[in-house]
Amino acid sequence: MSIDYEKELNDKQLEAVRATEGPVLILAGAGSGKTRAITYRTAYLIEEKGIAPWNIMALTFTNKAAREMKERISQMTENSSSKVWVSTFHSAALRILYAHAEDLGYSPDFEVADQPDQKAVIKDVCKKLQIDTKEYKEKTLLNAISRAKDELLTPELFEEENYGNIRKRVYVDVYNAYQEQLKKNNTMDFDDLIMNVVKLFRDYPEILEHYQDRFQYIMVDEYQDTNTAQFELIRLLAKKRRNLCVVGDDDQSIYRFRGANIRNILDFEDIYKDAKVIRLEQNYRSTSNILQAANQVISNNRGRKAKELWTNNEEGKKIRFRQLDSASGEAAFVADDIRERVRRSEASYKDFAILVRTNVQSKEFEDAFRVRGIDYDLVKGLRFWDTKVIKDVTALMLTAASGENDLRTQRIINIPKRGAGPAAVEKLSAYAAFHGMSLLDACGHAKEAGLSGKAAIAIQEFYEEKMRVRSLSDGIPLGQFLDLVLQESGYMDYLNAEAETPEEFTEKLSYIEKLKNSLVEYEEEAEAPDILDFMRMNGIEGSSMDQDSAPDNPDKVLIMTMHNAKGLEFPFVYMVGMEEGLFPGYASINTGDEEDIEEERRLCYVAITRAMRELTLTCARVRMINGESRFASASRFIRELPLGMLDMNITPQKTERGVEIKPVRRGFTGTKLKLGREIRIVVPDYEVGDRVRHFKFGEGTVKELVKGEKDYEVTVDFDRLGVRKLFAGFAKLKKI
DNA sequence: CCATCCACGTTTTTT
DNA sequence: ACGTGGATGG
């Protein structure tokens, strides 16, 4: 089989495929055949350039992307695909680290901490350090640690950097203790995986060189989402041969909040002066109207790589914009619209996607679809391996297999409930530490550890159950092992008791069933099946039945967040909740940092470019936010759309109780509604030079007060935080 | 030690 | 509105 590259690719794609040597930056606009370019490039390397598949590495962010890429490469290159390293950053890091764990002071059977684990550790640390978790939120602390690791700041470096900063001092202590705790449990968190590979490469040049020789051609997908640590990882790997091809779109960078560094893509040409830059700008997905809208919106961003998508596709329908009275009205409009189109056989349910900015918005749509009998699916973030049931059951199995990991023992010590609360754990931990044994082993000495009667017996039994299971499990198949664990632990009864409804119980049973299938499947394939190995493979890489694999295409309308929609396409897209304060969100408006708005605008661009045939934007005049009715004006992004291609059928305003809401009210975000009547018009009672207080930002001096289109815009120099721009209506500043 | 009540907070998410 | 988590009382 031979591929006709020239026929199957456009000029730019072909150029990208043929640029095999040296640094290459492929700026791939939405829907421009990016994956096509990467997969053909891989095939080209193998078949035309004679590069061995195992010398090629392709890195992605999600397992889904890796799976899809693998599949497409295998379709093209027959059997060599399995030899190409196509994997996520994290699983690549994991594989490398398993081979060199000891060089970094971990034992080779180290484990990976997931979010619940991380949370448990940070909780523990806060307690030990007596940190007021009201002042320093656990989430914030974890986030700070994660960002530090993204930036390759080890606890030592982080400490150096923040030495003088009193507030950061707490972060330093927490980070230190957190890291110590993980290390003690022979555990890395996700960020450690990347950071530790970099550390390994930096400390052991010969190891680095080994991988440099192995990965002679490196490709990185979604390059705009890389963080500093990932960038450094790639840079080191590619340093020797410099065959680095990164593919991305700065306009689709929407993960700044989790550490993505957009500079990686913006500065690529500065770092690699000889980089070849190839722009894929022909879009094969959308109508030209949709594309122009996207172009127009994103052009409002500064600091982006110049590019403009174009298409040969037809002009298509105008983009619809509808403002409804309420969130439920909005959902009703969308649901009716979909139902009508399906009734007329214009499309089927699976052709539609509702894109929301925040998860809470989905509820209204679920209701609207349900009452109309429209099949829908909520694409939710919850994933199989993060489910409580699965976490519990796997922890039960792992603890029976090995009691080394105290974090895990702690997780299940009271599952099912046996009266082992924090107090008991505290005593047992102390005993374990004193005698240099694991927490599980300490459970075998519950009495000696100072536990009183009933608790001591229960915990002693917990220990003995684990030992019993361990001795019985020797050499039995994993599926049976699971049954044994469930039986001995009494977990099923616990589940039944915990479940609020019978449905909930059945759902959880089905999860366990899935786990069992997965175990059996694994056992058939693995050379040396082992529960620890199984968990290792699945914890990071998901598995054959993991949730993010595409639904088997049932005919359902999909509801999902705009973030989740990245990389997908749908004939009909509804972007809902297009309101100031929701999209862009208050949070991004309030910081006064234009960068935040730009990120939201990129998200808007991503969402628009998901649409193939028709795009509908909607918003509500009044929306409940956190239990409070609020006026909302149309999103600024609506105003950034080219008027000419908008179908804007403004519906007359109806209000409950016949109270007319004057258009002037538009934009007074934060104005509360009561009994269908608005009760307050926000006119600032302060002026330039006045001292004011903000509920969150503290005190400051008003620098500027401008009556904007929608609201007063007030610039305040806060004592603690410096200059911020706020909307007067929303900020609720108090004159002092 | 467990259950119950209230206060709080609330974008986006991967691995 | 609503779910989570901490404090409080049995």
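Sequence lines set the chain letters: A, B, ... in the order given, protein chains first and strands last, and positions in each chain run from 1.
- When each of A:Lys137 and A:Val360 is assigned the nucleotide of DNA chain B bearing its nearest heavy atom, the one mapping closer to the 5' terminus is A:Lys137.
- Regarding A:Ile625, its CD1 atom lies at a distance of 16 Å from the P atom of C:dC2, rounded to whole Å.
- Put simply, CG on A:Asn626 is 15 Å from C1' on C:dT4, counting in whole angstrom units.
- With 3.5 Å as the limit, one finds a donor-acceptor pair spanning the side chains of A:Asp189 and A:Tyr178.
- The residue A:Phe583 sits apart from the nucleic acid: no heavy atom pair falls under 4.0 Å.
- Proximity of a side-chain donor or acceptor of A:Gln361 to a complementary backbone N or O of A:Thr358 within less than 3.5 Å is detected.
- In this structure, of B:dT12, C:dA1, C:dG5, it is C:dA1 that holds the atom nearest to the side chain of A:Met624.
- Looking only at distances, a side-chain donor or acceptor of A:Asn264 sits under 3.5 Å from a matching main-chain atom of A:Thr226.
- Here the P atom of nucleotide B:dT14 and the CZ atom of A:Phe61 are 13 Å apart, to the nearest Å.
- Side-chain N or O atoms of A:Ser253 include none that pairs as donor or acceptor with a backbone N or O of A:Asp250 at under 3.5 Å.
- When each of B:dT14, B:dT12, C:dG5 is scored by its nearest atom to the side-chain atoms of A:Thr561, the top-ranked nucleotide is B:dT12.
- The two atoms that bring A:Glu222 and A:Phe61 nearest to each other are O-CE1, 3.2 Å, heavy atoms only.
- The nearest heavy atom of DNA chain B to A:Glu600 and to A:Asp191 marks one nucleotide each, and the one closer to the 5' end goes with A:Glu600.
- The NZ atom of A:Lys363 sits 9 Å away from the C1' atom of C:dA1 (whole-angstrom rounding).
- Not one side-chain nitrogen or oxygen of A:Lys127 sits closer than 4.0 Å to the OP1 or OP2 atom of C:dG6.
- Protein atom CZ of A:Arg357 is 11 Å distant from nucleotide atom C1' of B:dT13, rounded to whole Å.
- The interatomic distance linking A:Leu142 (CG) with B:dT14 (P) rounds to 17 Å, in whole Å.
- Contacts of A:Lys566 with the nucleic acid, taken as non-hydrogen atoms under 4.0 Å apart, are absent.
- The separation between A:Ile597 atom CD1 and B:dT11 atom P is 16 Å, rounded to whole Å.
- A:Lys119 comes within contact range of the sugar-phosphate backbone alone, with a heavy-atom separation under 4.0 Å but no base atom that close.
- Proximity of A:Asn359 to the phosphate of B:dT13: a side-chain N or O atom is located under 4.0 Å from OP1 or OP2.
- Following rounding to the nearest Å, A:Phe257 (CZ) and B:dT10 (P) show an atom-to-atom distance of 15 Å.
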